[in-house]
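Residue numbers begin at 1 in each chain, while the letters A, B, ... track the order of the sequences. Note that these values count all heavy atoms, side chains included, but never hydrogens, waters or copies made by symmetry.
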Number of protein chains: 2
Amino acid sequence: MAQADRAPDATLRRFSGYGMKRAFNMVQSDLNAALKPFGLRMITFSALVVIRDAPGLRQARLAEVLQMEKPNLVALLDELERAGLITRTRLAEDRRAHALDVTGAGITLCARALAAVDAHESRMTEGLTPEERAALIRALRVIETNGGET
Amino acid sequence: MAQADRAPDATLRRFSGYGMKRAFNMVQSDLNAALKPFGLRMITFSALVVIRDAPGLRQARLAEVLQMEKPNLVALLDELERAGLITRTRLAEDRRAHALDVTGAGITLCARALAAVDAHESRMTEGLTPEERAALIRALRVIETNGGET
DNA sequence: TATTGTTATACTCTATAACTATA
DNA sequence: TATAGTTATAGAGTATAACAATA
């Protein structure tokens with residue numbers, strides 16, 4: 001009878017990682033749906049925002065910031081470049097490197113996508129107070145930092 | 001000068017989903033490392049725990065609980081069965097269905113793996129008070145629920 | 001007809017090795 | 001010799017269609 005009342009995943013619910021995976025699955029599908037009208041995915045959106053906020057940065061640095069391997073960045077940037085949202089410019093001071101910059105069209109799209117992602121964030125955190133949302137983001141950062149120390 | 005002080009991903013840091021992805025990446029790699037000595041991965045561990053806590057449940061139900069597609073469960077259960085941790089038994093009342101159960105060896109391994117995952121959880125949430133950890137889990141559940149309503 | 005478990009398959013994400021051109 | 005970007009490739013994880021056995 002205690003057994004019947006217990007959710008089958010009650011043991012797993014005690015772990016923050018389980019809740020994170022399930023919550024993130026929801027976030028991911030809602031976010032990708034929100035970005036689809038702009039021709040963006042979660043990862044291309046992230047790259048676009050970072051390049052906009054750090055004009056001229058190199059690919060190796062972008063890979064570092066977004067915690068991805070350089071090879072996986074290539075197709076992604078090809079995609080953004082083909083869409084006319086960013087440019088790759090060979091640097092005069094080091095002709096191996098490319099400077100990344102957002103085009104005018106990219107800046108416009110980035111701003112509109114950001115508004116859509118703000119709406120997505122509001123949807124997903126509905127029911128949380130601003131303080132609870134801030135505490136969530138802080139707690140996630142603590143976990144990220146703890147993991148990075150390994 | 002304001003620009004120089006700003007992290008390249010400061011705009012993204014305002015979104016809980018970004019923090020969730022980064023935190024979860026850390027959780028996932030630490031957890032998989034913690035489970036490796038037991039021959040388990042995150043997903044096989046989760047399945048093992050759920051089967052232990054809900055003996056006799058069917059594959060379709062397990063897929064539902066773990067939010068995965070039935071075809072993806074097959075290889076996973078083959079793996080647990082080959083390792084001697086679970087059994088699949090044809091049901092007399094519905095010979096299409098399989099009842100899933102954990103073996104004695106499975107129960108022992110499950111208990112030991114759970115202790116390792118508890119230690120992992122402590123590592124990852126170090127620096128958070130018990131109240132902050134509870135609030136994190138609650139906030140993640142709110143987000144999961146908000147997503148499910150879409 | 002519908003459902004359980006299964007097979008086959010494809011698509012995304014991620015990780016590594018090795019190449020090229022520059023330094 | 002080392003580094004930036006690239007190519008090729010392989011492994012997870014995940015999603016869908018369709019099948020055999022059973023209801």
Salt-bridge present (E64(A), R61(A); N to O < 4.0 Å):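 Between R61(A) and E64(A) there is a salt bridge, with a charged N closer than 4.0 Å to a carboxylate O.
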dG13(D) phosphate, OP1 or OP2, under 4.0 Å from K21(A) side-chain N/O: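 No, no such contact exists.
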Below 4.0 Å: OP1/OP2 of dT12(C) and any side-chain N or O of Q28(A):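 No.
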Given atom [atom1] of [X] and atom [atom2] of [N], what is their separation to the nearest angstrom?
| X | N | atom1 | atom2 | result |
| --- | --- | --- | --- | --- |
| F24(A) | dT14(D) | CZ | P | 12 Å |
| R88(A) | dA21(C) | CZ | P | 16 Å |
| D78(A) | dA8(D) | CG | P | 12 Å |
| L77(B) | dT6(C) | CG | C1' | 12 Å |
| L40(B) | dA12(D) | CG | P | 15 Å |
| M42(A) | dC13(C) | CE | P | 7 Å |
| L62(B) | dT3(C) | CG | P | 19 Å |
| F45(B) | dG13(D) | CZ | P | 15 Å |

So does [Y] get a backbone contact from the side chain of [X], meaning a donor-acceptor N/O pair under 3.5 Å?
| X | Y | value |
| --- | --- | --- |
| T129(A) | E132(A) | yes |
| N32(B) | M42(B) | yes |
| E126(B) | N146(A) | no |

CG-CE distance between D30(B) and M26(B), expressed to the nearest 0.5 angstrom: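 CE of M26(B) is found 10.0 Å from CG of D30(B).
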Interatomic distance, K70(A) atom NZ to L77(A) atom CG [nearest 0.5 angstrom]: 13.5 Å
Atom pairs, N/O to N/O, protein against nucleotides 15-19 of chain C, distance under 3.5 Å?
| residue | atom | partner | partner atom | Å |
| --- | --- | --- | --- | --- |
| dA15(C) | N7 | N72(A) | OD1 | 3.2 |
| dA15(C) | N7 | N72(A) | ND2 | 2.8 |
| dA15(C) | N6 | N72(A) | OD1 | 2.9 |

What nitrogen or oxygen pairs link the protein and nucleotides 21-23 of chain D at under 3.5 Å?
| residue | atom | partner | partner atom | Å |
| --- | --- | --- | --- | --- |
| dA23(D) | OP1 | R95(B) | N | 2.9 |

R141(A), CZ atom: more than 12 neighbouring heavy atoms under 6.0 Å: no
Test side chain to side chain donor-acceptor pair (under 3.5 Å) applied to T87(A) and D101(A), step by step: CA-CA 5 Å; T87(A) 56; D101(A) 288 283; 4.6 Å; no
N25(A) vs R61(A), nearer the 5' end of DNA chain D by closest nucleotide: R61(A)
With L140(A), the side-chain contact (heavy atoms from CB on, under 4.5 Å) member among R22(B), K21(B), M20(B):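 With L140(A) as partner, R22(B), K21(B), M20(B) yield a single side-chain contact (heavy atoms from CB on, under 4.5 Å), made by M20(B).
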Closest listed nucleotide, where the reference is the side chain of A97(B) and the choices are dT4(C), dC13(C), dA4(D):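 Of all the options, the side chain of A97(B) is nearest to dT4(C).
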